[in-house]
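Residue numbering restarts at 1 for every chain, and letters A, B, ... go by the order of the sequence lines.
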There are 6 protein chains.
Amino acid sequence: MKTSVIRKAHFNAAHRLNNPAWDSETNKRVFGKCNNDNYHGHNYNLFVKITGDINPDTGYVFDLGILSNLIKKHIEEPFDHRNLNLDTVEFKDLNPTAENIALVIYNKLRAQIDTAYDIKITLYETENNFVEYPAS
Amino acid sequence: MKTSVIRKAHFNAAHRLNNPAWDSETNKRVFGKCNNDNYHGHNYNLFVKITGDINPDTGYVFDLGILSNLIKKHIEEPFDHRNLNLDTVEFKDLNPTAENIALVIYNKLRAQIDTAYDIKITLYETENNFVEYPAS
Amino acid sequence: MKTSVIRKAHFNAAHRLNNPAWDSETNKRVFGKCNNDNYHGHNYNLFVKITGDINPDTGYVFDLGILSNLIKKHIEEPFDHRNLNLDTVEFKDLNPTAENIALVIYNKLRAQIDTAYDIKITLYETENNFVEYPAS
Amino acid sequence: MKTSVIRKAHFNAAHRLNNPAWDSETNKRVFGKCNNDNYHGHNYNLFVKITGDINPDTGYVFDLGILSNLIKKHIEEPFDHRNLNLDTVEFKDLNPTAENIALVIYNKLRAQIDTAYDIKITLYETENNFVEYPAS
Amino acid sequence: MKTSVIRKAHFNAAHRLNNPAWDSETNKRVFGKCNNDNYHGHNYNLFVKITGDINPDTGYVFDLGILSNLIKKHIEEPFDHRNLNLDTVEFKDLNPTAENIALVIYNKLRAQIDTAYDIKITLYETENNFVEYPAS
Amino acid sequence: MKTSVIRKAHFNAAHRLNNPAWDSETNKRVFGKCNNDNYHGHNYNLFVKITGDINPDTGYVFDLGILSNLIKKHIEEPFDHRNLNLDTVEFKDLNPTAENIALVIYNKLRAQIDTAYDIKITLYETENNFVEYPAS
């Protein structure tokens with residue numbers, strides 16, 4: 001049986017939900033106040049889960065200090081205290097919903113971590129709304 | 001791979017655990033202080049998870065505003081600030097344990113949500129005791 | 001300068017807000033769904049703060065094990081898994097609002113603890129609604 | 001002795017810290033990444049405390065339903081899902097630090113609530129950074 | 001479909017990460033400050049999940065009072081307010097990483113609970129670092 | 001009226017409560033399992049509150065980045081992942097109760113921060129037990 005280890009991180013960002021293929025009225029109807037022209041923002045809480053075998057020499061599945069540094073470099077550095085729509089390449093043409101942010105984070109970390117390990121992302125946009133990718 | 005979105009809700013209710021097929025002594029032995037004749041109560045915290053594909057037009061799996069309204073209408077409206085044993089039809093003949101409340105909530109929401117989506121209920125009776133249905 | 005020590009406790013109870021001097025319509029208007037005839041309930045989170053001097057022999061202001069036992073005996077034992085309106089003497093003629101419950105808890109603990117110590121009660125009825133007595 | 005009642009609320013907003021009397025370099029030095037040109041954002045958690053006497057007829061210090069509506073109308077409606085710098089009159093010429101936001105919220109609510117009651121604002125910008133006004 | 005019930009518990013313990021097969025320099029490099037000679041410590045938060053069928057007579061999957069007592073006897077009693085490296089038999093020759101502690105807890109509880117039930121352990125070493133065994 | 005700003009920090013440490021002027025039996029009776037010979041440990045959560053006037057140029061009472069660095073240097077560096085009894089000079093001859101740890105932290109930070117500002121320490125030893133110095 002495998003074991004999972006989970007590391008929490010966070011970043012604070014502005015964003016706005018908008019589909020440029022739609023007119024303003026449709027965007028307002030679908031996204032409501034999340035479509036606000038001048039953006040709004042969130043404290044995003046991120047949980048990265050890595051699943052694998054316990055290394056008998058260390059007792060670790062994956063060194064959480066290394067994971068923390070990967071998250072800092074690949075997620076917090078580009079996203080923290082930024083405007084996701086304006087300041088990032090990832091969301092230039094992708095609507096920054098929590099679902100899409102989780103997917104982007106997954107893909108960025110997947111490229112850094114040996115495929116012997118499974119990865120799962122849980123992203124809290126608020127205490128009341130959060131997402132998981134991939135679904136378990 | 002699928003994505004899950006989760007919405008938190010809550011309701012405050014009175015309840016009492018009791019099996020009417022048993023005598024009072026057996027109920028006291030099995031349910032302890034949860035069998036108190038005049039009821040006790042909880043702040044129930046509810047998490048509803050919906051799993052599906054990300055819609056490329058919206059970036060949403062399922063609009064959490066719509067989910068929030070479904071929870072308000074079908075769960076909070078009938079259960080919040082009520083006595084589950086006396087004020088609801090669902091628990092007239094069903095013991096309102098956290099397990100059974102989660103099952104009832106699942107069935108009520110399952111009837112409202114397209115079966116293309118999977119649903120999972122997590123219900124906290126207290127910070128120390130909670131249940132999941134269906135088990136993952 | 002004095003030091004404060006705080007102990008958390010909790011109890012789960014049913015209650016109903018009602019003023020017997022008023023007619024049903026007035027009670028419904030003032031107390032809304034909190035007036036529900038068959039009660040509702042809460043997980044009450046209680047914080048008891050004791051303020052005094054640090055005893056140089058123990059490094060304690062007040063032994064929190066002793067405080068925990070006082071709370072168990074005088075608060076949790078009579079209130080946990082009870083109906084505050086029906087099962088307690090304290091709220092037989094006193095409306096069990098969070099304010100009044102905090103006042104009752106203060107008076108019950110005040111009688112057990114040396115007046116050399118100040119006491120303060122913080123009582124959470126929900127995560128969103130709580131009270132402090134006495135106000136600081 | 002007085003009693004306090006506290007109500008929690010929240011709003012999600014974009015903001016940016018900047019002093020227009022300073023050059024860009026000074027703003028970057030003083031405010032760091034909080035000065036990001038395109039804004040960032042937060043989930044602000046707000047606690048409004050009202051202190052007064054318990055009304056013997058209701059058992060309430062202040063009806064938290066009324067307080068909740070005042071917060072909705074005067075704080076959440078203008079601030080939630082907005083850009084504090086661009087979408088509000090209050091922060092047009094005032095740097096939206098947590099300190100200043102708390103002060104603005106205090107003044108807006110102070111104008112709505114009888115001066116027989118004391119008011120205190122606690123505002124969480126993140127789980128790690130928060131402010132109180134006025135200081136107790 | 002099965003249902004899961006979860007009980008939270010906690011214990012406070014000292015520990016130190018060290019592989020006696022390695023020299024001191026290697027241990028310092030791999031385990032960093034967790035290798036501190038004189039130990040450090042944590043408030044461990046433990047969640048034990050039991051999955052099975054709802055008993056139609058009780059409405060319970062598994063009596064959480066019984067589970068709480070099993071956790072008290074087999075986990076809290078030997079581990080709480082102890083030094084995991086020095087005061088326990090389980091970690092005499094096993095590095096007390098969160099992964100290994102979760103595995104030990106699983107095995108101890110697995111021996112006490114009917115195999116008709118599945119068991120899962122979630123162990124928080126801190127709010128930011130936690131593990132699950134077995135991985136789901 | 002003054003404004004307060006609060007910064008959260010944390011450190012994980014081993015400790016043991018013991019009065020060397022007492023015999024072992026007395027120490028066991030007074031401190032119970034906290035007297036365990038081989039230490040136990042906690043995740044300490046620390047809140048440092050600084051009270052002063054809002055600087056009109058910055059909108060800050062006190063730069064929380066500077067406060068965070070002071071806490072890192074003077075509290076986290078010497079205390080995190082240490083044994084308070086064995087690895088620190090502060091608790092060589094002082095019993096490391098939460099009260100005394102808060103007092104030591106206060107004195108260490110008081111020496112670093114202009115006396116124009118008031119300081120208050122809140123220290124959580126566990127979620128259920130915490131202290132404040134000075135008492136408000």
Side-chain angles (χ1 to χ4, degrees), chain A residues 7-18 24 27-47 68 72-73 75-92 95-98 101 122-131, chain D residues 7-18 24 27-47 68 72-73 75-92 95-98 101 122-131:
Chain A
R7 175 76 187 175
K8 185 184 179 187
H10 57 90
F11 55 93
N12 310 319
H15 82 151
R16 156 185 207 229
L17 302 187
N18 190 63
S24 174
N27 272 299
K28 291 268 176 260
R29 181 172 46 76
V30 171
F31 295 119
K33 56 189 183 179
C34 296
N35 182 243
N36 185 49
D37 287 349
N38 289 320
Y39 312 95
H40 63 285
H42 295 292
N43 302 331
Y44 290 94
N45 275 325
L46 168 65
F47 294 83
S68 178
K72 278 201 182 72
K73 179 173 175 189
I75 311 301
E76 292 180 1
E77 168 61 29
F79 292 170
D80 187 35
H81 281 72
R82 304 296 171 99
N83 183 310
L84 296 179
N85 304 70
L86 299 180
D87 295 333
T88 74
V89 292
E90 291 84 355
F91 300 103
K92 197 167 173 297
N95 204 12
T97 58
I101 302 172
T122 302
L123 183 72
Y124 284 72
E125 192 172 85
T126 71
E127 292 172 14
N128 296 327
N129 296 342
F130 57 105
V131 302
Chain D
R7 175 76 187 173
K8 185 183 180 189
H10 58 91
F11 55 94
N12 309 319
H15 82 151
R16 152 183 213 232
L17 301 187
N18 190 65
S24 174
N27 272 300
K28 291 269 177 259
R29 183 174 44 77
V30 173
F31 296 120
K33 57 189 181 178
C34 297
N35 182 243
N36 184 49
D37 287 349
N38 289 321
Y39 312 95
H40 62 285
H42 295 293
N43 302 331
Y44 290 94
N45 276 325
L46 168 66
F47 293 82
S68 177
K72 278 202 183 73
K73 179 174 176 188
I75 310 303
E76 293 180 1
E77 168 61 28
F79 291 170
D80 186 36
H81 280 73
R82 305 296 172 100
N83 184 310
L84 295 179
N85 304 70
L86 299 180
D87 295 332
T88 74
V89 293
E90 290 84 356
F91 300 104
K92 196 167 174 300
N95 204 12
T97 58
I101 302 172
T122 303
L123 182 71
Y124 283 73
E125 193 172 83
T126 71
E127 292 172 14
N128 295 328
N129 295 342
F130 57 104
V131 302

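- Atom CG of D/Asn36 sits about 11.5 Å away from atom CG of A/Asn12, to the nearest 0.5 Å.
- Put simply, NE2 on A/His42 and NE2 on D/His81 are 4.5 Å apart, with the number rounded to the nearest 0.5 Å.
- In terms of heavy-atom pairs under 4.5 Å with chain A, the best-connected choice from D/His10, D/His15, D/Glu127 is D/Glu127.
- Using a 4.5 Å cut-off between heavy atoms, A/Asn45 contacts chain D through its side chain alone, with no backbone atom that close.
- Taken to the nearest 0.5 Å, the CG atom of A/Leu84 stands 12.0 Å off from the NE2 atom of D/His40.
- The distance from the CG atom of D/Asn38 to the CG atom of A/Asn83 is 5.5 Å, given to the nearest 0.5 Å.
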